[in-house]
Structures are given as C-alpha cells and as structure tokens.
Amino acid sequence: MSPPKFPFTNSRRTFLHSVGGALLVPSVSQALCEPPGTPGAAKPWRADCRPIRARRPASTLAAAEIQKLKDAYQAMRNLSVSDPNDPRGFTHQANIHCWFCSVSPTPVHGNWQFFAWHRAYLYFHERILGKLINDSEFRLPYWDWEISTHRQMPGAYTAPNNNSNPLWNGTRAMSPTDELPGEDVNEDVMEPVYSAANFGEFGGGVGYSGIPEGSPHGSVHVDVGGFAGDMGTFDTAGRDPIFYAHHANVDKIWSDWNKGASSHENPTDPAFLNLSWSFYDENKMWRSIKASQLLNHETQLRYNYGLSRFREILPCILDWIIVRPPWKLPTSNLYRITVPSESLPVHAILNGRPSPRVSMLPESLAARLGSSNGGKKGNTNRTAGLTVLALNVVRLNTAKLGSAFPRLSTALM
Ligand code: C2O
C-alpha cells in the first residue's frame with residue numbers, strides 16, 4: 001500500500017467532497033508517525049502576550065530576514081541531531097504532521113479540523129523557531145502563490161539549491177525556476193474559495209472538506225513534491241520547509257475569507273469550538289489548544305498578515321479616518337484615498353463632507369462609480385453606516401496621503 005496522497009485535481013476534489021475521509025487511510029509507514037506526545041497529560045495553552053507581528057510574503061523578505069529564517073531552520077535541524085529526543089527538532093516537527101494525518105483516530109484532513117489544526121501546528125512550530133533564534137518577533141513567511149508573479153518557490157527555499165540551505169529539500173519535483181501551473185492557483189481557483197458562502201463550503205464539516213483543501217491546497221503539495229517527493233504525500237510533507245510557508249498561505253486564505261464578508265463566520269457549534277489538539281511548545285511543554293483559542297489569529301496567536309489586502313485594512317480605515325483632504329477633489333464630493341499596499345494597489349473612495357465623519361454613499365452613486373471603473377464593479381462594503389467603494393484606480397501620491405492623513409498613515413505602519 002502506498003502512502004496517502006494529496007488530492008489534487010478537480011475530479012479528485014469532488015471525490016474528496018463526496019467520500020470525506022476516505023483518502024485518509026492509515027499509513028503503513030508508521031515509523032514516521034510518532035505520537036506527538038503523551039495523550040492526556042497536556043497542560044492548557046496559556047494566553048500569548050507577545051507583540052503582534054506580521055507574517056510576510058516569503059518572496060519579499062529582506063536578506064537579513066531570510067538569514068533569520070535560515071538560522072531558525074538550521075537550529076531546528078541541528079536539534080534533531082544533537083538531541084534526537086527533543087520534540088522541537090525538525091524531524092519530530094515533521095512527524096507531528098504524519099501522526100495527525102495518518103495515525104490519529106480523528107485525522108485532520110478531509111473535515112473541519114483542517115484549517116484550525118494546521119493553524120495550531122504552525123503556531124507552535126513558529127514559536128519554536130523563534131525561540132531557537134531567541135527572537136519573539138519571528139514569524140513564518142507565506143508563499144502567496146495566488147499572485148501570478150509569485151509562482152516559483154520563494155528564493156530563500158531554493159537558493160542555494162542544495163543541502164547547505166536549511167530550507168532546501170532534495171525530493172522536490174519542482175526546480176527553482178518552475179512555476180506552479182496557473183490552473184491550480186489562479187483566479188478561477190481562488191474565486192470560488194473566497195466566495196464560499198459559509199464555513200461548511202469553505203472549511204468543511206464533520207466528514208467532508210471545504211473547497212480549498214483539494215485545490216489549491218492539495219494541488220500545490222503535489223506540484224511541489226510530485227508523487228514521490230516529500231510534499232506530495234501526507235506522511236512526509238512536513239519534512240519540506242516549504243510546507244510551512246505553503247500552509248501559512250493556506251492560513252492566510254482562511255483569514256482573508258473570514259474578512260471578506262460578515263457572513264463568512266467560523267462555526268459556532270461547540271463540537272467545533274471544543275476541538276482540541278496537543279503540541280509541544282517552545283519550552284518543550286506539552287500543551288493543548290482548542291479551536292476556540294485560535295479563531296482570532298491576531299489577538300490570540302499574535303500574528304497577522306500585514307496590510308496586503310484591502311479587506312484586511314478596511315476596519316482600520318473606518319476606525320481611523322477623518323476625511324479632511326487639503327486638496328481639491330476631482331468630482332462632486334468624493335474623497336479618494338489611496339492605501340499603500342504591499343502587493344495590491346487598492347483604493348477606497350469614500351463619500352462624505354469635510355466633516356469629522358464620512359456620510360453614506362448612496363447606492364445609486366456607488367453603482368455609477370462601479371460601472372465607470374472600466375466596467376468592473378467595485379466591492380461595496382457597508383459598515384457602521386458607511387458604504388465604502390473599493391476600486392482599482394490610479395495610485396495617488398502616498399506622501400501626500402501621509403501628510404493629509406497622519407493618523408491614517410500611522411495606523412497603516
Ligand atoms: Cu496537513 Cu497541506 O497538509
């Protein structure tokens with residue numbers, strides 16, 4: 001029997017949808033799948049009071065940040081050699097994934113545990129990496145493969161492309177210059193993901209998976225690992241450091257989906273909220289964490305995904321903005337604000353008067369603005385009595401923005 005593979009095509013995804021956990025046959029290679037600790041003996045996870053820091057796109061890390069990432073993984077790999085029993089070593093870290101997918105009586109793929117469990121796994125992994133380089137501000141990077149220019153593996157993971165690089169893995173099917181096929185990660189794949197109407201569609205339920213688990217998630221696994229490489233099968237995927245950057249992006253997609261609409265809520269069913277898993281923490285303490293303790297990654301787990309998407313900064317803008325532009329505005333009484341953004345030029349057009357509060361943008365005007373944007377309809381979002389129309393328009397001078405809206409630019413730092 002061969003180890004379980006990641007589902008990776010649409011037909012496979014449909015298959016997974018209809019049969020739930022059927023792919024998750026227990027592995028024969030249980031030697032890889034050590035139980036992650038002593039069941040029943042875990043202490044409860046304690047509230048994390050570290051500073052909130054951003055996980056960032058792996059392809060945009062500065063040289064010093066790449067070095068830190070490499071140092072952290074090197075230290076984790078070294079630990080596996082210097083103390084093979086240390087649960088924080090890289091091999092043990094990888095084997096956690098193996099156990100939870102192939103041995104655990106309640107596997108974490110193919111059902112609503114998928115997003116929450118992987119969030120918890122990455123969280124403890126990230127804290128251990130930070131501890132090993134003595135940096136509480138260390139956060140994992142993410143591989144944002146849905147962006148068309150980021151479809152090669154991020155350079156840190158492939159340069160150098162040999163075992164002197166602690167982020168390298170010798171079993172990959174992708175070369176450093178290969179790109180993920182668009183059909184696995186492009187807008188056609190992401191659109192149904194972001195627009196999944198409820199958590200069941202997005203994140204699955206008892207016995208079935210949500211839309212993204214098969215594709216893009218599983219597709220990327222198989223694209224990177226092929227069928228023979230570590231990334232391509234459940235049992236070994238955690239052995240490739242790219243796994244954690246891939247899953248940070250999967251986690252970000254959950255975060256983006258939550259923020260995309262007020263109806264995009266996580267389950268409130270106690271059966272979900274009380275799901276609980278245990279991991280060793282950065283001090284080798286065996287700890288249990290519940291799904292309810294990780295649904296807000298920013299306040300609970302102390303990381304966010306920066307400001308790269310409009311839907312992430314909208315609540316911040318609404319909270320901070322006081323529209324008093326010093327320059328004459330182009331048309332009627334519209335105020336146009338450009339939001340500096342890492343990856344996506346996103347702009348908000350707010351309707352209002354130069355008064356402390358922005359007033360409601362009439363639906364009719366919103367529609368008109370929407371259709372004047374090259375035929376593309378803007379995203380309308382109504383929050384606290386405001387309608388904000390987001391359009392991709394020309395980038396304005398952000399320096400001007402900064403002086404016009406000092407509080408806003410502070411908020412966006
Ligand atoms: Cu636990 Cu990407 O799989």
Side-chain angles (χ1 to χ4, degrees), residues 3-9 12-13 16 20-27 29-30 32-36 55 58 90 92-126 140-146 153-154 157 169 171-174 180 184-185 189 193 202-204 208-227 229-255 275 277-279 289 291 294:
K5 305 280 198 284
F6 282 95
F8 70 103
T9 65
R12 193 74 164 182
R13 184 169 88 211
L16 187 69
L23 284 168
L24 307 168
V25 279
S27 167
S29 48
Q30 296 200 355
L32 301 172
C33 292
E34 301 151 38
R55 289 182 177 173
F90 187 71
H92 284 290
Q93 288 292 299
N95 291 349
I96 292 171
H97 186 256
C98 184
W99 192 86
F100 277 99
C101 34
S102 298
V103 184
S104 164
T106 55
V108 297
H109 301 91
N111 61 65
W112 65 1
Q113 294 193 73
F114 175 73
F115 280 98
W117 181 84
H118 286 82
R119 175 170 287 178
Y121 176 39
L122 258 65
Y123 168 75
F124 285 100
H125 181 74
E126 177 178 81
L140 285 167
Y142 58 91
W143 178 15
D144 47 356
W145 29 249
E146 74 281 10
M153 281 182 283
Y157 293 80
N169 175 292
T171 70
R172 293 170 184 158
M174 259 176 96
L180 293 170
D184 288 346
V185 287
V189 176
V193 171
F202 178 82
Y208 66 97
S209 59
I211 295 169
E213 186 176 338
S215 204
H217 160 256
S219 311
V220 172
H221 271 283
V222 177
D223 291 334
V224 174
F227 286 112
D230 287 344
M231 270 289 273
T233 58
F234 285 129
D235 287 2
T236 53
R239 295 175 176 189
D240 187 335
I242 197 83
F243 172 97
Y244 306 92
H246 171 45
H247 268 277
N249 199 44
V250 169
D251 187 71
K252 177 175 183 292
I253 289 166
W254 180 17
S255 178
L275 287 169
W277 312 276
S278 301
F279 299 88
I289 190 166
L294 49 73

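Counting starts at 1 for both ligands and their atoms, following the listed order.
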Short check: any N/O/S atom of His246 below 2.8 Å from atom 2 (Cu) of ligand 1? no
For atom 1 (Cu) of ligand 1: the N/O/S atom of His97 at shortest distance: NE2
By side-chain hydrogen bond (donor to acceptor under 3.5 Å, both in side chains), Tyr244 pairs with (sequence neighbours left out) Tyr121
Residue His118, metal atom 2 (Cu) of ligand 1, N/O/S under 2.8 Å: no
Establish, from distance only, whether the side-chain atoms of Thr233 and Asp235 form a donor-acceptor pair under 3.5 Å. no
Below 4.5 Å, heavy atoms only, C-beta onward: do Leu294 and Trp277 meet side chain to side chain? yes
Can you confirm if the aromatic rings of His109 and Phe100 lie within a centre distance of less than 6.0 Å? no
